[in-house]
Amino acid sequence: MDILAELNHAQREAVEAIDGPVLILAGPGSGKTRVITHRIAYLIRVCGVSPYHVMAVTFTNKAAREMVERLGQLVNYAVKDLTIGTFHALCSRILRREGEAIGIDARFVIYDAADQISLLKHSLQELNLDPKQYAPVALSSAISSAKNNLLSPDDYRQRGRSYFDEIAARVYEHYQQRLRESGALDFDDLLMMTVLLFRQNPEVLSRYQLLYRHLLVDEFQDTNLVQYALIKQIGDKYRNICVVGDPDQSIYSWRFADLRNILSFENDYPDTKIIFLEQNYRSTKVILETASQVISVSQSRYHRGKLKQLWTNNEAGELVTVVETYTEQEEAQFVVSEIERLVSHGQCSLGDCAVMYRTNAQSRAIEETFIRYGMPYRLVAGTRFYERREVKDIIAYLRLIQNRRDSVSLLRVINVPPRGIGEQSQTRLSVWAKSLGMSSYEALRLLAKETPFSPHITKPLAAFYDMLEKLIERSQELSLVDLFDFVIGRIDYKGYIFNVPDGEERWDNILELRSVAQEYRGLPPSEGLTAFLEGVALVSDIDNMEEGASAATLITLHKAKGLEFPVVFIVGMEDGLLPHFRSIDDPTQMEEERRLFYVGVTRAKKKIYLARAFRRNLMGRSMITVPSRFLNDIPRDKIAPMLSGWQEEKSAVEASLSSWSKPSIYSTDVRDSYSRNRISPIPSITLCNLKVGDRVRHSQFGEGVVVSCQSVKDDMEATIAFDGQGVKKLLLSFARLEKV
């Protein structure tokens, strides 16, 4: 198999440039994953590099799996010797091997966001700080920012400029102490502690530099300061560092990603070879030209001799459909009806369609409409499987079995199922343990010898301790699945879960978790438990997305990064949503909002719809919206012509708001699309029993009098004078009017 045979000229150049630092600027759909995998195969099969000496870093487990699958076809047996994974997974592996050098137990547990908040609440309580005044979420963000900038609590305190910074530094220090006592690391610690490990132990760093002589990093534009430091540490000896990214898709500044890392890379490695991947294999010419025009307006694009100019040999394709509906409910109806039309006409399958939006809250109206019409969908970033109560309960038991010091897990399950250990007893146990300078688990062990508590408190605590000891003892001899079953049976979790709301559904989640545990059945007991807990801690929202599922995908624009769909709907194309209102007065954030829209458009392969609602319920009230300013950047000849509607009212409102944003010249009506769909509209007043003079009620406009009715294709348009709301024109099949 010729590794270079299927590559274009730029891709081939990127694969063959194996010596020294390389920066590959790869536009969306330009085959960067192919380049990375073929580059690894080229190193192994052509250059004779041992797979042990190659490390490839991705940003999701899903991307890592895809890379492994592709490499399996290119290098076969050598895949098992490669190091491929996310930053967090690779750092976790390093710390379990080498962490003792900086005082980290190899059996550490990984705290997720919910665990962090729980621990921060305990820290605030112990520091006598009011969580209403100092929100745990805000403190978590401040601590995460510090860690991503490699700042210790002392460093953070010295750089603080406000009273909140002083409080945050105190909480940060206490929080880190509680993490150490619990034998735990949070996500940010995995990265920060690895960098500190290498800084403080040059001999350890030297081993990894010798081991990983070729380093490849995907999605480089999304790296933060600590990740960049880690790349430099490992790669500086041989300098065979290949980073792949696209500055135009940098959309994670809220995760502390720093676009300046691309410039830093060139400054740190002046001999960097820069290669542009500009041929797009994903999208039609219309979609690509639309995206290119939108991003070309950006004031902060990356420049290096020339701008990246995307092009494609794909077909021209269909024009962009820009749609305006009256409300978010009609926006959702349009999406569902158009998907049904496309599927029924054989233009795509249900799984080919994705609905994207800026904020999670926008999914509500869309979900309700999908449910109403019985159309299958999958929601990405709803309540994550591993964040569900029953799943976290069982994982907490397993984490406690692995690490007795895990205080967050202990407090979670000490009275689950209920065993007579209430909040007051838990608080007294924690206070006593703290006074003794030991963990809550160690304090439980002392109860057999001494106790400051009355018998009715001591007895259930001692019984809980004895049960945990039995679980820990059996974990040394049972496989992971057998241990899973033993825990469930010993605590009678099934009996407990069937006595709470949705018990059957919750039990199904436990069985699904057991299926995950079965994937580790080939490992020895202790290794299986460690691998399982690490795997579930580091999973992300899109890692378990089914390929080819027969359901439409509902997903935020941020989470859609790295995915592609034949048909894409982007809803909420309004100033205040996209771009988001928090970005309006911040030029840097506005640029990122533009890149976010660019990412959304470039997810589409064949067809894209951009939808907005004239009125939308925001912050608890109905508001007239303004078309997204990004719509005005789309060339007119790329927009599909459609009928316009509601012009009188819209023109007056948009004129009054023109100082905020130029009125969109692409406002269009969906009545033409509705007349073609096969979905029955929501039941309303029939077209024949409404007459002039009737009083009617509308859900938004209240009561009014019918002024006139006229036929409009297969529908009726009623002109209604609403009390205190003025005259409105509504389509009867969608207005949901009631006679008074």
Checklist entry - Ala552 and Ile339: which non-hydrogen atoms are nearest, and at how many Å? => result CB-CD1, 4.4 Å

Checklist entry - Is any side-chain N of the basic residue among Asp248 and Arg595 closer than 4.0 Å to the acidic one's carboxylate O? => result no

Checklist entry - Does some side-chain heavy atom of Lys561 sit less than 4.5 Å from a side-chain heavy atom of Glu219? => result yes

Item to check | Lys392/Asp112 ion pair, N-O < 4.0 Å | outcome: yes

Checklist entry - Does Glu318 have any salt bridge (charged side-chain N to carboxylate O under 4.0 Å, His left out) partners at least two apart in sequence or in another chain, and if so, which? => result Lys607

Next on the checklist: Would you say that Tyr357 contacts Leu577 through its side chain, given a criterion of any heavy-atom pair below 4.5 Å between the two side chains?
Outcome noted: no

Checklist entry - For Arg695, does the CZ atom sit with more than 12 other heavy atoms under 6.0 Å from it, leaving out its own atoms? => result yes

Item to check | side-chain hydrogen bond (donor to acceptor under 3.5 Å, both in side chains) between Thr553 and Arg378, intermediate numbers included | outcome: CA-CA 5 Å; Thr553 298; Arg378 54 180 176 179; 2.7 Å; yes

Checklist entry - Is the shortest distance from a Lys or Arg side-chain nitrogen in Glu331 or Arg612 to a carboxylate oxygen in the other one below 4.0 Å? => result no

Next on the checklist: Within the 4.5 Å heavy-atom criterion, are Met573 and Phe597 side-chain neighbours or not?
Outcome noted: yes

Next on the checklist: Within the structure provided, determine whether Arg629 and Pro579 are in side-chain contact (heavy-atom separation under 4.5 Å).
Outcome noted: yes

Checklist entry - Which atom pair, heavy atoms only, marks the closest approach of Val601 to Ile570? => result N-CD1, 3.9 Å

Checklist entry - Going through the checks in order, is the side-chain hydrogen bond (donor to acceptor under 3.5 Å, both in side chains) test met by Glu390 and Asn509? => result CA-CA 8 Å; Glu390 61 277 7; Asn509 290 332; 2.6 Å; yes

Next on the checklist: Run Asn148 and Asn224 through side-chain hydrogen bond (donor to acceptor under 3.5 Å, both in side chains) and show every step you take.
Outcome noted: CA-CA 7 Å; Asn148 279 279; Asn224 55 34; 2.6 Å; yes

Checklist outcome for this item: Closest non-hydrogen atoms of Ala604 and Ser283, given as atom of the first, atom of the second and distance, are O-OG, 2.7 Å

Next on the checklist: Could you tell me if Thr284 and Glu315 have a donor-acceptor pair between their side chains, going purely by distance under 3.5 Å?
Outcome noted: no

Item to check | Closest non-hydrogen atom pair, Ala640 against Thr321 | outcome: CB-OG1, 4.3 Å

Item to check | Leu631/Leu610 under side-chain contact (heavy atoms from CB on, under 4.5 Å): CA gap, chis, key distance, verdict | outcome: CA-CA 9 Å; Leu631 291 173; Leu610 307 176; 3.9 Å; yes

Checklist entry - Between Asp633 and Arg594, is there a side-chain N and carboxylate O pair less than 4.0 Å apart? => result yes

Checklist entry - What's the shortest heavy-atom distance between Val567 and Leu342, and which atoms? => result CG1-CD1, 4.0 Å

Checklist entry - If you round to the nearest 0.5 Å, how far is CG of Asn314 from OH of Tyr281? => result 9.5 Å

Checklist outcome for this item: Here the gap from Met356 atom CE to Thr556 atom OG1, rounded to the nearest 0.5 Å, amounts to 9.5 Å

Item to check | Full working for side-chain contact (heavy atoms from CB on, under 4.5 Å) between Val571 and Ile366 | outcome: CA-CA 10 Å; Val571 298; Ile366 300 168; 3.8 Å; yes

Item to check | Gln333 and Tyr373: CA distance, side-chain angles, deciding distance, side-chain hydrogen bond (donor to acceptor under 3.5 Å, both in side chains) verdict | outcome: CA-CA 9 Å; Gln333 279 185 312; Tyr373 291 121; 3.2 Å; yes

Checklist entry - Using a distance-only test with no angle check, is there a side-chain donor-acceptor pair under 3.5 angstrom linking Glu591 and Ser298? => result yes

Next on the checklist: I want to check something: taking the side chain as every heavy atom from C-beta on, are Gln329 and Thr369 in contact at a cut-off of under 4.5 Å?
Outcome noted: no

Checklist entry - Does Glu593 reach the side chain of Arg358, with side-chain heavy atoms less than 4.5 Å apart? => result yes

Item to check | Within-4.5 Å side-chain heavy-atom neighbours: Val336 and Phe370 | outcome: yes

Next on the checklist: Pair Val706, Val696 - check side-chain contact (heavy atoms from CB on, under 4.5 Å), show working.
Outcome noted: CA-CA 7 Å; Val706 178; Val696 295; 4.1 Å; yes

Item to check | Rounded distance (nearest 0.5 Å) linking atom CG of Leu259 with atom CD of Glu592 | outcome: 9.0 Å

Checklist entry - Should we say atom NZ of Lys606 is surrounded by more than 12 heavy atoms from elsewhere, each under 6.0 Å from it? => result no

Item to check | Thr58 to Asp218 - nearest heavy-atom pair and separation | outcome: CA-CB, 4.4 Å

Checklist entry - Does any non-hydrogen side-chain atom of Met375 lie less than 4.5 Å from one of Glu340? => result yes

Checklist entry - Salt bridge check: are Arg616 and Glu574 linked by an N-O gap of less than 4.0 Å? => result yes

Item to check | Thr359-Gln362 side chain donor-acceptor pair, cut-off 3.5 Å | outcome: yes

Item to check | Value rounded to 0.5 Å, distance of CD in Gln309 from CG in Leu288 | outcome: 10.5 Å

Next on the checklist: One thing to verify: whether Lys62 and Glu66 come together as a salt bridge, which I'm taking to mean a side-chain N less than 4.0 angstrom from a carboxylate O.
Outcome noted: yes

Next on the checklist: Does Asp637, at its CG atom, have more than 12 non-hydrogen atoms belonging to other residues, nucleotides or ligands within less than 6.0 Å?
Outcome noted: yes

Next on the checklist: Between Arg364 and Glu367, does any NZ, NE, NH1 or NH2 come within less than 4.0 Å of an OD or OE carboxylate oxygen?
Outcome noted: no

Item to check | Carboxylate-amine/guanidinium proximity below 4.0 Å for Arg603 and Glu564 | outcome: no

Checklist entry - Between Gln249 and Tyr598, does any side-chain donor sit less than 3.5 Å from a side-chain acceptor? => result no

